[in-house]
Amino acid sequence: MSSPVRVRFAPSPTGPLHIGGVRTALYNYLFARKMGGKMLLRIEDTDQNRFVPGAEEYILESLRWIGIEIDEGQGVGGPDAPYRQSERKEIYQKEAQRLIDEGKAYYAFDTAEELDAMRKRLEQANAPAAQYNAITRMQMRNSLTMKADDVKARIEAGDPFVIRLKTPRKEEVRLNDLIRGWVTVHSSAIDDKVLLKSDGLPTYHLANIVDDHLMGITHVIRGEEWLPSAPLHVLLYRYLGWESTMPQFAHLPLLLKPEGNGKLSKRDADLGGFPIFPLQWTDPTTGQVARGFREDGYLPEALVNFLALLGWNPGTEQELFTMDELIATFDIAQVHKAGARFDIQKAQWFNHQYIRQRPDSELAPTVQQQAEAAGFACSLEKAEKIVSLLKGRVNFAHEIFTEASTIFNAPTTYDEAIVAAKWNEDAIRAVTVFRDALQTFDGDFVADAIKHTLSDTMQQAGIKQGKIMQAMRLALTGLGAGPDLMLTLEIIGKDETIKRLENALSIL
RNA sequence: GGCCGAUUCGUCUAGCGGUUAGGACAUCGCCCUUUCACGGCGGUAACACGGGUUCGAUUCCCGUAUCGGUCACCA
């Protein structure tokens, strides 16, 4: 009870990390930090068929980007190494053997075809569930039905076999979930799960329990899809003699599709035009590229904030949290029980908030790079001014450059509706006298001074400023709307401003 | 289908027997902005249904409905 908290994130390297996995990792991390405990990273690569090269590195980099620090495990090392399950084969085999020796598990030699036939037969007989269990096991080819000598002979001959758990026929299995409370399942609903596969590697169930025990895991925080097999895990802890130190379970609600039924999938993300992976991912076999939150312009702190609040809420009205604030307020017991729909609009809003908060100097290099990539000269100083003018208008940093297009590009066309409505005698006269005034303008070409010049000249010319402002904007940017015009001109500079006014005069 | 779980505005959620059911996103309106956006202010909008328990149920219990998860030598 008083042992220090140790949690683990245990992904499978079968591809890029799903955003739901990121949230699971985040909740583990928040819990660990909150409790002053440790966060481990274990790689569950017991399925050789589904192994994808690069996936492990991807997981590591994703966690790093999102700001989740691993205390022990793959990538950082630790006292319980190795942390890759494929490298711990012997450990699982030893425990599986122990279960066999103690009569809690058995060898099974059934082929895939035989298993298939058994399931079909049971289905046709209208059995409640077609499973390998306390009843059906006695009709199958395993060490419970075969003579000991035959079993021994087959194993020695190198025949493929699996080790199955001898699940009790009638037993109530209970577990106290931190989020859901007591969950009770009857053992008849659990079948004789394969613990050790014919390739000698363990299944998730065995590997998971053995490792969590050996690594001193105190709390298992994982997705709700594991809830149905949790009773099986309790049974395994019991059979392995580790029930007194069994970790506490907490099953997290799932992330659901933005609309319609079911859990969030890659397809929903594609349909909705948003990412579902933290980082961009290139499939090593097909070469297909899947977008990432990072590459799409999401700030890690925005994604963390968004994810943290999908399924958990501190009960206050605060919406914006730093990682430290999340850690301080996180409470696993307050995690919601029902699944949460994934609403990308809210994620964008969070990003907007964090972009707004960012110092101009941090956003400026992005703008500068984009400008230069597009063939425009742009000093860091200029980029910073652009950022300060536009960052409040956007959700993503890269949109600042897009918003700044009227700064970099002199208008080549002019909004026709505005031309028709606003480009009149007064407008032409206003633009003309303003240009003249700027030609003799000396001093700092800054927004305030420009503004004074404009209002002075308009007054002298007897033109009401309000009447011609939109035409002035049209002449300078080609558009009828946009950010503060005076600040825009300051960034554009005097010469370019005059040039644009003259252009408008000759074209319109 | 069996088993397990869930159910408060369109969405994320607060609520833990007595509230005008609160906040946020989205949406709508107003203000600000000589424009647009941002921002500020305000509006529309929810306790799945039926039984109990109780002086009193969104809140506790039981059903029903709906949704979800799971039933592999995948995790």
Side-chain angles (χ1 to χ4, degrees), chain A residues 10-14 21 44-50 85 108 110-112 115 119 123 126-132 160-164 177 179-181 183-186 188-191 193-205 207-208 222-231 251 253-254 256-263 306 309-320 334 336-350 352 356 390-394 403 418 422 455 464-474 477 479-485:
Chain A
S12 247
T14 54
E44 309 221 326
D45 56 346
T46 54
D47 186 356
Q48 299 173 315
N49 301 317
R50 292 209 307 159
Q85 290 185 328
D110 314 277
T111 63
L115 289 170
R119 288 191 186 110
E123 257 165 54
N126 257 328
Q131 56 181 24
Y132 207 122
F161 66 89
V162 300
I163 292 179
R164 283 183 183 272
D177 189 279
I179 296 169
R180 284 147 212 281
V183 178
T184 310
V185 177
H186 196 86
S188 61
I190 305 169
D191 59 354
K193 280 275 173 325
V194 170
L195 264 21
L196 202 71
K197 300 182 278 186
S198 57
D199 63 2
L201 282 164
T203 57
Y204 170 87
H205 307 294
N208 200 260
R222 75 230 300 193
E224 193 189 343
E225 70 268 24
W226 291 111
L227 193 52
S229 49
H251 289 92
L254 263 19
L256 271 21
K257 292 177 186 296
E259 47 201 41
N261 302 333
K263 62 177 178 181
F306 168 63
L309 261 23
L310 263 187
W312 169 78
N313 188 288
T316 64
E317 288 180 357
Q318 185 177 353
E319 295 284 335
L320 264 24
Q334 280 176 312
H336 210 73
K337 294 187 181 83
R341 274 188 199 281
F342 193 83
D343 179 12
I344 197 66
Q345 276 194 108
K346 194 135 188 183
Q348 288 169 355
W349 177 78
F350 276 111
H352 172 75
R356 240 156 57 92
L390 301 172
K391 75 173 176 184
R393 304 166 69 89
V394 302
E403 281 279 312
I418 308 292
K422 305 284 182 180
S455 49
K464 280 210 175 115
Q465 228 186 105
K467 298 255 182 202
I468 54 84
M469 275 309 284
Q470 223 179 350
M472 192 63 75
R473 177 182 292 282
L474 175 80
T477 67
L479 302 175
D484 187 277
L485 191 58

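Chain A is the first sequence line, chain B the second, and so forth, proteins listed ahead of strands; every chain is numbered from 1.
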Discussion item. Does either side chain, that of His251(A) or that of Arg180(A), offer a donor lying less than 3.5 Å from an acceptor on the other one?
Written reply: no
Worksheet item: Given side chains that start at C-beta, do those of Ile468(A) and Arg473(A) come closer than 4.5 Å, heavy atoms only?
Response: no
Discussion item. Taking 4.0 Å as the cut-off, does a side-chain nitrogen or oxygen of His352(A) come that near to OP1 or OP2 on G39(B)?
Written reply: yes
Practice prompt. Have a look at Gly223(A) and say if it touches a base, only the backbone sugar-phosphate, or nothing, with a 4.0 Å heavy-atom cut-off.
Written response: nothing
Item to complete: Take Met469(A) and Asn261(A), find for each the nucleotide of RNA chain B with the closest heavy atom, and name the residue whose nucleotide sits nearer the 5' end.
Response: Met469(A)
Worksheet item: Taking the same atom, P, in U7(B) and in A48(B), what whole-Å distance lies between them?
Response: 9 Å
Worksheet item: Checking all strands, does Arg180(A) fall into the base, sugar-phosphate, or nothing category for heavy-atom contacts under 4.0 angstrom?
Response: sugar-phosphate
Worksheet entry | No-H, no-angle donor-acceptor pair, Lys346(A) side chain to A24(B) base, under 3.5 Å | yes
Discussion item. Mind checking if Ser198(A) touches a base, just sugar-phosphate, or nothing, with heavy atoms under 4.0 Å?
Written reply: base
Response to the item:
Closest of A26(B), C12(B), G68(B) to the Leu254(A) side chain is G68(B)
Discussion item. Checking the side chain of Ser229(A) only, and the main-chain atoms of Trp226(A) only, is there a donor and an acceptor separated by less than 3.5 Å?
Written reply: yes
Discussion item. Assuming nearest nucleotide by heavy-atom distance, tell me which of Glu44(A) and His336(A) is located more 5' along RNA chain B.
Written reply: His336(A)
Worksheet item: How is Pro483(A) classified with respect to the nucleic acid when contacts are heavy atoms under 4.0 Å: base, sugar-phosphate, or nothing?
Response: base
Discussion item. Using modelled atom types and a 3.5 Å cut-off, is there a donor and acceptor pairing between side-chain atoms of Lys422(A) and backbone atoms of Met469(A)?
Written reply: no
Worksheet item: Does any nucleotide pair with U19(B) by Watson-Crick or G-U wobble geometry, both distances under 3.5 Å, and what is it?
Response: none
Practice prompt. Find the partner of G10(B): check Watson-Crick (N1-N3 plus N6-O4 or O6-N4) and G-U wobble (N1-O2, O6-N3) distances, both under 3.5 Å, and reply none if neither fits.
Written response: C25(B)
Practice prompt. Taking only the side-chain heavy atoms of Leu227(A) (C-beta and beyond), determine which of C4(B), U35(B), C73(B) contains the nearest atom.
Written response: C4(B)
Worksheet item: On a whole-Å scale, what distance lies between the C1' atoms belonging to C30(B) and U20(B)?
Response: 24 Å
Worksheet entry | Phe306(A) CZ - C12(B) C1' separation (whole Å) | 8 Å
Worksheet item: Distance between the P atoms of C9(B) and U58(B), in whole angstroms?
Response: 15 Å
Worksheet item: Is Lys197(A) near enough to C74(B) that one of its side-chain N or O atoms lies under 4.0 angstrom from OP1 or OP2?
Response: yes
Worksheet item: Is there side-chain contact between Tyr132(A) and Asp110(A), with heavy atoms separated by less than 4.5 Å?
Response: yes
Worksheet item: Can a donor-acceptor pair under 3.5 Å be found between the side-chain atoms of Gln465(A) and the base atoms of U34(B)?
Response: yes
Item to complete: Could you tell me whether Asp110(A) contacts a base, only the sugar-phosphate backbone, or nothing, with contacts defined as non-hydrogen atoms closer than 4.0 Å?
Response: base
Item to complete: Would you indicate what Gly482(A) reaches in the nucleic acid, counting non-hydrogen atoms under 4.0 angstrom: base, sugar-phosphate, or nothing?
Response: base
Item to complete: Sticking with atom P, work out how far G50(B) lies from G42(B), rounded to a whole angstrom.
Response: 35 Å
Worksheet item: When the distance from CD of Glu225(A) to P of G69(B) is rounded to whole Å, what number comes out?
Response: 10 Å
Worksheet item: Does atom CD of Glu259(A) have more than 12 heavy-atom neighbours, drawn from other residues, nucleotides or ligands, at distances under 6.0 Å?
Response: no
Worksheet item: Say you pick atom C1' in G23(B) and the same atom in C41(B); how far apart are they, in whole Å?
Response: 16 Å
Worksheet entry | Sugar-phosphate, base or nothing in reach of Ala481(A), heavy atoms under 4.0 Å | base
Discussion item. What's Asp484(A) touching, base or sugar-phosphate or nothing? Going by heavy atoms closer than 4.0 Å.
Written reply: base
Worksheet, complete the sentence: Partner of C32(B) under the Watson-Crick or G-U wobble criteria, both distances under 3.5 Å, comes out as none
Worksheet item: Are Glu225(A) and Leu227(A) side-chain neighbours, meaning at least one heavy-atom pair lies under 4.5 Å?
Response: no
Practice prompt. Assign Val162(A) to base, sugar-phosphate, or nothing according to its heavy-atom contacts below 4.0 angstrom with the strands shown.
Written response: base
Discussion item. Mind checking if Ser188(A) touches a base, just sugar-phosphate, or nothing, with heavy atoms under 4.0 Å?
Written reply: nothing
Fill in: Gln470(A) side-chain proximity, nearest of A75(B), U35(B), A6(B)
U35(B)
Discussion item. When you measure from the side-chain N and O atoms of Asn313(A) to the phosphate of C12(B), is any distance below 4.0 Å, counting only OP1 and OP2?
Written reply: no
Worksheet item: Under 4.5 Å between any side-chain heavy atoms of Glu44(A) and Tyr204(A), yes or no?
Response: yes
Worksheet item: Applying a 3.5 Å limit to both distances, which nucleotide forms a Watson-Crick or G-U wobble pair with G5(B)?
Response: C67(B)
Worksheet item: Counting only side-chain N and O atoms of Thr46(A), is one of them less than 4.0 Å from OP1 or OP2 of A75(B)?
Response: yes
Practice prompt. Report, as yes or no, whether the 6.0 Å neighbourhood of atom NZ on Lys467(A) holds more than 12 heavy atoms from other residues, nucleotides or ligands.
Written response: no
Discussion item. With rounding to the closest Å, how many angstrom separate the P atoms on U27(B) and A6(B)?
Written reply: 33 Å
Worksheet item: Paired with A37(B): which nucleotide, if any, by Watson-Crick or G-U wobble criteria at under 3.5 Å for both distances?
Response: none
Fill in: Length of the CD1-C1' vector between Ile179(A) and C16(B), whole Å
17 Å
Discussion item. Students often get this wrong, so: under 4.0 angstrom with heavy atoms, is Arg222(A) touching a base, only sugar-phosphate, or nothing?
Written reply: nothing
Worksheet item: Considering Watson-Crick and G-U wobble pairs with both distances under 3.5 Å, what does A46(B) pair with?
Response: none
Discussion item. Can you measure Gln334(A) atom CD to U13(B) atom C1' for me and round it to whole angstrom units?
Written reply: 12 Å
Discussion item. What contact category does Gly392(A) fall into here, base, sugar-phosphate, or nothing, at under 4.0 angstrom with non-hydrogen atoms?
Written reply: sugar-phosphate
Response to the item:
The Watson-Crick or G-U wobble partner of C60(B), with both key distances under 3.5 Å, is G52(B)
Worksheet item: Below 4.5 Å, heavy atoms only, C-beta onward: do Leu485(A) and Met472(A) meet side chain to side chain?
Response: yes
Discussion item. Does C73(B) have its OP1 or OP2 closer than 4.0 Å to a side-chain nitrogen or oxygen of Arg164(A)?
Written reply: yes
Practice prompt. Rounded to the nearest angstrom, tell me the gap between atom CG in Leu115(A) and atom P in C74(B).
Written response: 12 Å
Practice prompt. Could you check how far CH2 of Trp349(A) sits from C1' of A37(B), rounded to whole Å?
Written response: 17 Å
Worksheet item: Atom CZ of Arg341(A) to atom C1' of U66(B): distance rounded to whole Å?
Response: 12 Å
Item to complete: Write down the distance separating the P atoms in C47(B) and U11(B), rounded off to the nearest Å.
Response: 12 Å
Worksheet entry | Inter-nucleotide C1' distance (U44(B), C28(B)), Å rounded | 7 Å
Practice prompt. Look at Lys263(A) and U70(B) and indicate whether a side-chain polar atom (N or O) is within less than 4.0 Å of OP1 or OP2.
Written response: yes
Discussion item. Using whole Å, what does the distance between atom P of nucleotide C12(B) and atom CD of Glu319(A) come to?
Written reply: 14 Å
Discussion item. Check this for me: does the side-chain of Arg393(A) come within 3.5 Å of the base of C36(B) through a donor and an acceptor?
Written reply: yes
